[in-house]
Amino acid sequence: MSRTEISEFGEFGLIEHLTKNVELQNVSSVIGIGDDAAVIDHFGKQTVVTTDLLVEGVHFDLMYTPLKHLGYKSVVVNLSDVYAMNATPTQITMSIAASNRFSVEALDEFYEGVYSACEKYGVDLVGGDTAASQKGFIISVTALGEVNPEKIVRRSTAKKGDLICCSGDLGGAYIGLLFLEREKKIYLESPGVQPDLEGESYVIGKLLKPEARKDIIEFFEEQNIIPTSMMDISDGLSSELLHIAKASECGCVIYEEKIPVAEEARKAAFKFEIDPTACALSGGEDYELLFTLRQEDYDKVTLNEKISVIGYITEPEKGKTIITKGGNSHNITAQGWNAFKNKI
Ligand code: ADP
Ligand code: MG
C-alpha cells in the first residue's frame, strides 16, 4: 500500500482532501465546512451540545483498534450523549491531531469510519480542526442535536415508583476488551503467535463498533413516552445508576436476574472466570441507555424486546440496592458490589 506523508499535503491540502466529499443533509446545517464557523438553525427547537476527547494510549489502543472503527466509534459515543437527552443529533465537528507516524492513507481510513457513522445516523460534519501532534493521535468530537424543549430528559428527574429500564445488553464491551488485551499481551511476548479470537466476534464488536440507541429514542417518540430521567451507560450500570440516584435525590432497587447480558458475553465471561453480572455493573463502553419511566408506561415497553425493566426508584432512605439471584441484598457501589470487587 502506498504511503503519503501528511507534510506532502500541508494543513489546508489535508483538510480539503479529508472533507472534499461532504454534502450537507440537514436543513439545520446552514453553513458547513469552509468558512470561519458553521451556522446551525434549529428552527425553534433547543440545541443540545456535547463533546468528547479521545487520546491514544488512554482511550484507545491502535494495536487492536482499526482506524475505521475508531472513526466510527468516536462519532457514535458523542451521538449516544445526544440521544441520552432524548434529542436528535444533527451535526458534528471533528478535530484531530496526528503525529508523522500517521499517513494520509491512515487518516482516510479514520474518516471512512467517521462518514459511515454520519450517514447511518443522519448527521452532517460541519467543521473541525487539524493539527500536528508530537506523539500519538488525539480526537475531539463535538455533537449538536435538536429537541423540543418539553421533551428534554435530564438525569435529575426520576421519581419514587418509577421503573428503571435499560436498552440492549450490558457487559459485552468490557469482555471484548479483556480478549483484545489478552491477545495483545501474547503477541508482545511472542509475535509469531496468531491471535485466538475465534467465536468472540460479538463481544469484540461491542467494544470496537458500538452503536448509539437511535432506535430507542424513535420508539419513545412513536409510543409517546417521555422517560422521567435518562443517561447513557458509558461507565457501567452501577456508576450510572448512582448518578441518576444522586441527581434525582432518590434510592433504587435493581434485580440481578433482570440485568440483560447477551449469551455470547456470558459464555465469554466464564472463559475469564469472571461474573457476567460484574461486567455489566462495572465494565464500561456499552453505550446503552439507562432510563426511568412512569409505571403507566410499563405495558408499552414490554412490547419492545430491546428494553429490559431491571428495577424501580425508591425514596432516598432506602439506599441503592441490588438483589442477587440468590435473594441477597447488596449496596450498589461504583465498582459493582463488594463481592465482585476483586474479580474485575
Ligand atoms: P480556521 O483557520 O478558521 O481554524 P481551518 O483552516 O482550520 O480554519 O479550517 C477550514 C475549514 O475546515 C473550517 O470550516 C473547519 O471547520 C474545517 N475543518 C478543519 N479541520 C477539519 C477536520 N479535521 N475535519 C473536518 N473539518 C475540518
Ligand atoms: Mg483551524
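On a predicted model such as this, the values are computed, not experimentally measured, just so you know. Each ligand, and each atom within it, is numbered from 1 in the order the structure gives.
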Please work out, at 4.0 Å between heavy atoms, whether the side chain, the backbone, both, or neither of T130 comes within that distance of ligand 1. both
Below 4.0 Å from ligand 1: does a non-hydrogen atom of L18 turn up there or not? no
Return yes or no for this condition: an N or O of D129 is under 3.5 Å from an N or O of ligand 1. yes
For D35, counting its heavy atoms only, list the atoms of ligand 1 lying under 4.0 Å from any of them. 13 (C), 14 (O)
Using a 4.0 Å heavy-atom cut-off, say whether Y111 meets ligand 1 through its side chain, its backbone, both or neither. side chain
R155 backbone acceptor or donor facing S248 side chain under 3.5 Å: yes
Sub-4.0 Å atoms of ligand 1 with respect to non-hydrogen atoms of G127: 16 (O), 25 (C), 26 (N), 27 (C)
Check whether any side-chain heavy atom of V22 sits under 4.5 Å from a side-chain heavy atom of D124, and report yes or no. no
Report, in ascending order of atom number, the atoms of ligand 1 lying under 4.0 Å from any heavy atom of G34. 11 (C), 13 (C), 14 (O)
Note: E112-K68 ion pair, threshold 4.0 Å (strictly below): yes
Just by modelled atom types, is the G32 backbone N or O under 3.5 Å from a matching donor or acceptor in the S29 side chain? no
I need the single residue from T93, T142, L144 that forms a side-chain contact (heavy atoms from CB on, under 4.5 Å) with T51. Which is it? T142
Take E288 and S167 through the side-chain hydrogen bond (donor to acceptor under 3.5 Å, both in side chains) test and state the conclusion after the steps. CA-CA 6 Å; E288 296 294 344; S167 65; 2.6 Å; yes
Out of all atoms in ligand 1, which are within 4.0 Å of some heavy atom of F12? Include the element for each. 6 (O)
How are the rings of F220 and F291 set relative to one another: parallel (under 30°), tilted (30 to 60°) or perpendicular (over 60°)? perpendicular
Out of S140, A98, G128, A37, whose heavy atom is nearest to atom 15 (C) of ligand 1? G128
Report the part of I15 in contact with ligand 1, treating N, CA, C, O as backbone and CB onward as side chain, heavy atoms under 4.0 Å; options are side chain, backbone, both, neither. side chain
